[in-house]
Amino acid sequence: MHSYTNSRLYTIAKNNYILLTKYCGLLSNEGYWDNPESVLQKSIYEMLDIYVQSVLINLSVYCNKTDDEIKNFIISIPNTNAIMYPADEEPTTEILNHAKKIMNAPPIILQLCGLRDSQKNTNLTVVFFDAMLNILLAMSYLNNSKDMYVMKYIQEYYKKISAFLDTKAKNNSKIDDKYIFRKICDDQFNINFELLESSTQSSSKSSIQDHKQEDSHSHIEGKTNHKDNMSLQEMSKEEVKNDIQETEQEDNLDSLLTELNELVGLSNVKEEINSLINLIKVRKLRETYNMPQMDMSFHMVFTGNPGTGKTTVARLIAKIYKELGLLSDGNLVETDRAGLVAGYVGQTALKVKEVVEKAIGGVLFIDEAYSLTNGVGSNDFGSEAIDTLVKMMEDNRDNLVVIVAGYKKEMENFLKSNTGLISRFNKFLEFSDYTTEDLIDILNTMAKRTDLKISEDATLEVKDKLNTMPKSKLKIFGNARGIRNVFEKIIVNQANRLVTIDAPTKDELTQIIKDDVIGAVN
């Protein structure tokens with residue numbers, strides 16, 4: 001069984017919705033929506049949003065699922081909240097009845113797809129329905145909540161509209177009862193490029209008369225842009241994939257920024273990175289207008305004590321830079337002095353080249369980078385490593401970012417050791433030590449991920465131990481690393497306690513009590 005994160009499900013649904021808007025654009029530009037618009041006084045895109053929301057609302061009611069995630073999905077997947085579905089309260093009877101009425105009425109957009117299919121020998125109805133099916137399945141998988149009611153609903157939905165799929169094109173497609181059942185059960189759903197490809201191929205076989213008819217149906221000139229004005233055969237597989245890639249990049253960037261901003265503490269780091277991202281976005285906008293650009297270096301210096309989140313943030317920056325188009329892969333390669341410096345003449349340069357080449361397309365993260373200069377002038381090859389690194393940074397400046405990390409004072413001396421370093425590193429992020437409150441938040445986050453709850457008196461015990469810890473011990477505690485060690489000791493203590501209980505309940509298995517934390521903070 002495939003596992004989908006909610007973020008991935010939103011992306012799948014949004015990509016399929018984009019396809020629906022493209023299909024509606026074809027119908028509108030070719031004149032198929034002219035008569036319905038004069039009666040309904042709504043654009044085809046408004047009717048699409050009403051229809052999509054109605055189908056999703058009815059799925060929600062059918063499965064008796066109206067939690068916040070479901071509500072947000074119903075509201076956010078279409079471009080507009082056409083039915084005025086409420087986000088913070090239960091939907092009114094009026095809204096539910098309206099959605100039911102739309103669902104039970106003949107699907108006018110599908111009808112027009114069928115009309116176009118019969119006139120142009122295309123498969124628009126089939127690919128339209130397949131996209132709708134993917135959106136329904138995406139919602140059904142939210143929070144891993146798919147159940148038997150979803151299957152029943154989708155099968156009933158298919159029966160309602162199957163008559164509108166009964167065209168010559170349908171008989172050439174692979175949409176039938178078996179297709180629906182297999183798609184629901186296989187746990188694999190997304191855009192069916194095989195169907196899309198077959199629809200564009202059949203469209204290309206249209207006769208000259210079909211093209212003349214298309215010209216007679218063309219919409220008012222200038223009403224839509226060139227992208228909307230293309231015919232189905234021009235809507236290639238590659239173009240759809242490119243549009244989807246753009247959407248996924250935006251969604252992935254939003255997800256990464258959320259992950260960054262949800263990190264405990266690090267307020268100044270988050271602010272600096274968000275400002276840098278905004279600067280990069282504006283820079284890319286200026287590029288689209290061929291405006292002159294100021295040279296920028298994206299290499300960074302992270303300063304702070306161990307365990308303050310430097311590696312975690314470096315990994316996120318690698319992924320963010322990829323989504324912004326600055327890096328091709330977004331991978332993170334971690335190394336230190338031992339990974340760069342060899343013990344014999346000539347070997348250090350080769351070692352540095354090997355490590356840097358692995359990082360090209362992503363971020364090279366050098367921890368305790370100041371140690372490269374520790375032995376300069378005493379038969380040490382650290383300076384050779386730095387010289388080689390600087391040269392490779394220059395040679396790969398368009399597809400490599402280097403982040404060096406370490407204690408503040410030592411890193412200042414490191415940068416002064418080579419003029420090439422100072423000119424390339426001009427972004428400094430300082431990672432402050434976590435406060436006691438921050439460490440407690442991190443502890444609770446760790447517990448939540450493993451479905452554990454730390455009692456109030458247990459939390460107070462840990463907090464008291466941290467607050468009274470001598471400065472000498474606190475200095476070597478290790479911030480987040482230290483609290484991770486504390487959590488592991490707590491888990492061991494809990495296990496030792498639980499094995500003395502005969503058949504512990506689920507609640508007992510999820511509870512961390514004061515006895516479990518005693519001795520965990522040393």
Side-chain angles (χ1 to χ4, degrees), residues 4-12 14-15 76 241-288 293-304 307-335 355-367 369 393 396-406 411 424-432 442 445 480:
Y4 295 96
T5 63
N6 282 1
S7 174
R8 178 60 184 156
L9 292 170
Y10 273 82
T11 300
I12 289 172
K14 200 67 177 178
N15 287 340
S76 63
K241 281 188 173 179
N242 288 339
D243 281 353
I244 289 170
Q245 188 176 28
E246 288 178 13
T247 308
E248 287 185 337
Q249 284 177 339
E250 292 174 7
D251 290 345
N252 290 341
L253 181 59
D254 288 343
S255 177
L256 290 168
L257 289 176
T258 298
E259 188 176 346
L260 170 69
N261 292 320
E262 286 179 351
L263 292 175
V264 174
L266 307 178
S267 57
N268 65 309
V269 172
K270 296 172 187 174
E271 185 178 345
E272 288 288 339
I273 294 175
N274 277 288
S275 295
L276 176 61
I277 290 168
N278 291 336
L279 182 63
I280 293 169
K281 285 181 176 179
V282 172
R283 179 183 174 87
K284 291 178 77 66
L285 286 173
R286 289 175 64 89
E287 283 180 1
T288 61
Q293 300 285 1
M294 181 181 72
D295 287 337
M296 284 183 65
S297 171
F298 299 103
H299 307 300
M300 295 181 173
V301 180
F302 287 1
T303 60
T308 48
K310 296 187 290 295
T311 306
T312 299
V313 171
R315 188 172 289 108
L316 283 171
I317 286 176
K319 294 176 182 177
I320 288 169
Y321 275 5
K322 183 199 174 203
E323 299 307 329
L324 289 170
L326 296 177
L327 296 172
S328 59
D329 295 328
N331 58 305
L332 180 80
V333 174
E334 299 179 56
T335 191
V355 172
V356 172
E357 284 171 358
K358 287 180 182 176
I360 290 174
V363 168
L364 175 63
F365 181 77
I366 306 175
D367 199 14
M393 287 170 65
N396 300 282
R397 63 183 180 274
D398 294 330
N399 201 21
L400 173 70
V401 169
V402 177
I403 298 177
V404 290
M411 289 305 295
R424 285 167 177 78
F425 291 95
N426 58 8
K427 291 179 179 61
F428 296 80
L429 296 183
E430 185 172 357
F431 289 69
S432 303
I442 294 171
T445 299

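What you see is a predicted model; the values in this text were computed from it and never measured. Just so you know, residue 1 is the first one in the sequence shown, and it goes up from there.
With H299 contributing its side chain and V402 its backbone, the two residues share a donor-acceptor pair below 3.5 Å. Looking at S297, its side chain does come within 3.5 Å of a backbone N or O of R424 through a donor-acceptor pair. The backbone N or O of G304 sits nowhere less than 3.5 Å from a side-chain atom of T308 that would complete a donor-acceptor pair. Under the 3.5 Å distance criterion, the side-chain polar atoms of K14 are matched with a main-chain donor or acceptor of S76. The backbone N or O of K358 sits less than 3.5 Å from a side-chain atom of N331, completing a donor-acceptor pair. Not a single donor-acceptor pair under 3.5 Å links the side chain of K281 to the backbone N or O of L276.
I360 CD1 to L400 CG: the interatomic distance, rounded to the nearest 0.5 Å, is 6.5 Å. To the nearest 0.5 angstrom, K270 atom NZ is 13.0 Å from L429 atom CG. Here the CE-CG distance, from M296 to N426, works out to 8.0 Å after rounding to the nearest 0.5 Å. Rounded to the nearest 0.5 angstrom, M300 CE and F425 CZ are separated by 11.0 Å.
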Please test K427 against E272 for salt bridge (charged side-chain N to carboxylate O under 4.0 Å, His left out), starting from the C-alpha separation and ending with a verdict. CA-CA 9 Å; K427 291 179 179 61; E272 288 288 339; over 6 Å; no
Starting from the C-alpha separation in whole Å, work towards a yes-or-no answer on side-chain contact (heavy atoms from CB on, under 4.5 Å) for I317 and L332. CA-CA 9 Å; I317 286 176; L332 180 80; over 6 Å; no
Step by step, would you call F302 with V313 a side-chain contact (heavy atoms from CB on, under 4.5 Å)? CA-CA 10 Å; F302 287 1; V313 171; 4.2 Å; yes
Decide yes or no on side-chain contact (heavy atoms from CB on, under 4.5 Å) for L260 and I273, but give the supporting numbers first. CA-CA 9 Å; L260 170 69; I273 294 175; 3.7 Å; yes
side-chain contact (heavy atoms from CB on, under 4.5 Å), that's the test. Do V404 and M411 meet it? Break it down for me. CA-CA 8 Å; V404 290; M411 289 305 295; 3.5 Å; yes
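The closest side-chain heavy-atom distance from Y10 to I12 is not below 4.5 Å. For the pair D367 and E334, the minimum side-chain heavy-atom distance is 4.5 Å or more. No side-chain heavy atom of D329 sits under 4.5 Å from any side-chain heavy atom of K322. The side-chain heavy atoms of I277 and L257, taken from C-beta on, include a pair separated by under 4.5 Å. Using a 4.5 Å heavy-atom threshold, the side chains of T311 and F365 count as touching. A heavy-atom distance below 4.5 Å is not found between the side chains of I403 and L364. Side-chain contact between T312 and L263 is present, with heavy atoms from C-beta onward closer than 4.5 Å.
A perpendicular orientation is assigned to the rings of Y321 and F298, their planes being inclined by more than 60° (bins at 30° and 60°).
Across all non-hydrogen atoms, the minimal contact from A359 to V333 is CA-CG2, 3.7 Å.
A 6.0 Å sphere centred on CD of E430 holds more than 12 heavy atoms belonging to other residues, nucleotides or ligands.
We find that K319 and E259 are not joined by a salt bridge, their nearest charged nitrogen and carboxylate oxygen being 4.0 Å or further apart.
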